[in-house]
Amino acid sequence: MPIDIRQFPCLSDNYGYLVHDRETGETAAIDTPDAAAINRELAEAGWRLHYIFNTHHHFDHAGGNEALKEKWGCKIIGPQGEADRIPGIDRRVGEGDTVQLGASKAVVHETPGHTLGHIIYHFPEDGAAFVGDTIFAMGCGRLFEGTPDQMWTSLSKIAAMPADTKIYCAHEYTKANAAFALSVDPDNDDLKKRAEDVDALRAKGTPTVPTTVALELATNPFLRAEDENLQAAIGMKGANAVDAFAKTRALKDSF
Ligand code: ZN
Ligand code: FE
């Protein structure tokens, strides 16, 4: 069923999201980077908060859980793999579970890598995926807890979604990501064009998120580990995808 999505910047570079099921009026916050900002957005929209859908345990994703639960009595849904680190969790979910938001539904996918229990919420009928810190525009989450192998598998789940799926990432890291992407994929014309578009958008303070699966497949170096030109640029010609991904991630960590 149709959902309305309200996106807002908060903290230093996070995006907060409210998802509202039009038929029933039920509303979920995707993560809780900033309870005050979420309450302000709810008031502006005239919505009440029924759910929190957490992606992972980091403070800029679950730090507002308790304050919001106290104010709204909302139900908190979060990753079963790190449930003990999600404040106020009511329901633990994992790969393939369905989460209902009124008449709309999200499918949960486990995407370990950034953290070991990280999950994402895909609304297939609405063509929208809320991916936390798994993938960013032209980037991916740092491997704080997982292995390159795990993260490659996680990213592959996003890459396999319909090409027009909108990807709602949790941070505005796009400009810095573009600079790194150009360093490992310098002959990619789609990337060069996108980097220019991003510069123009950011100069006006316009968000570069959401992105789409199609745009990431064309320009995100972390999805392009099998690309010949990228492999040549990072000295990994003929490598398997996981090894080339691991090298790309390591290069980004010291870029
Ligand atoms: Zn995080
Ligand atoms: Fe984060």
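All ligand and atom numbering here is 1-based and tracks the order in the structure.
At a cut-off of 2.8 Å, His58 coordinates the Zn ion (ligand 1) through an N, O or S atom. Put simply, His114 gets within reach of the Zn ion (ligand 1), with an N, O or S atom under 2.8 Å from it. Here Asp133 reaches the Zn ion (ligand 1): one of its N/O/S atoms is less than 2.8 Å from the metal.
The hydrophobic cluster containing Leu223 also includes Ile120, Val131, Ile135, Leu143, Met151, Trp152, Leu155, Ile158, Met161, Ile167, Phe180, Val184, Val213, Leu217, Phe222, Leu230, Ile234, Met236, Val242, Phe245, Leu251, Phe255, under a criterion of side-chain heavy atoms closer than 4.5 Å among ILVMFWY residues, counted directly or through chains of members.
Within the sub-2.8 Å shell of the Fe ion (ligand 2), the protein contributes these N/O/S atoms: Asp60 OD2, His61 NE2, Asp133 OD2, His171 NE2.
Ring geometry, His20 versus Trp47: the interplanar angle falls under 30°, so the pair is classed parallel (tilted spans 30 to 60°). Using a 30° and 60° split on the angle between ring planes, Phe53 and Phe123 fall in the parallel class, below 30°.
Results of the ring-ring contact (aromatic ring centres under 6.0 Å, His included) test with Tyr168 over Tyr17, Tyr15, Phe8 single out Tyr17 as the only residue that passes. Each of Gln150, His118, Gln80 was compared with Glu110 under the side chain to side chain donor-acceptor pair (under 3.5 Å) criterion, and only Gln80 meets it. Of the candidates His61, Glu145, Glu82, Thr115 forms a side chain to side chain donor-acceptor pair (under 3.5 Å) with just one, namely Glu82.
Side chains of Thr111 and Thr134: a donor-acceptor N/O pair is present below 3.5 angstrom, by distance only.
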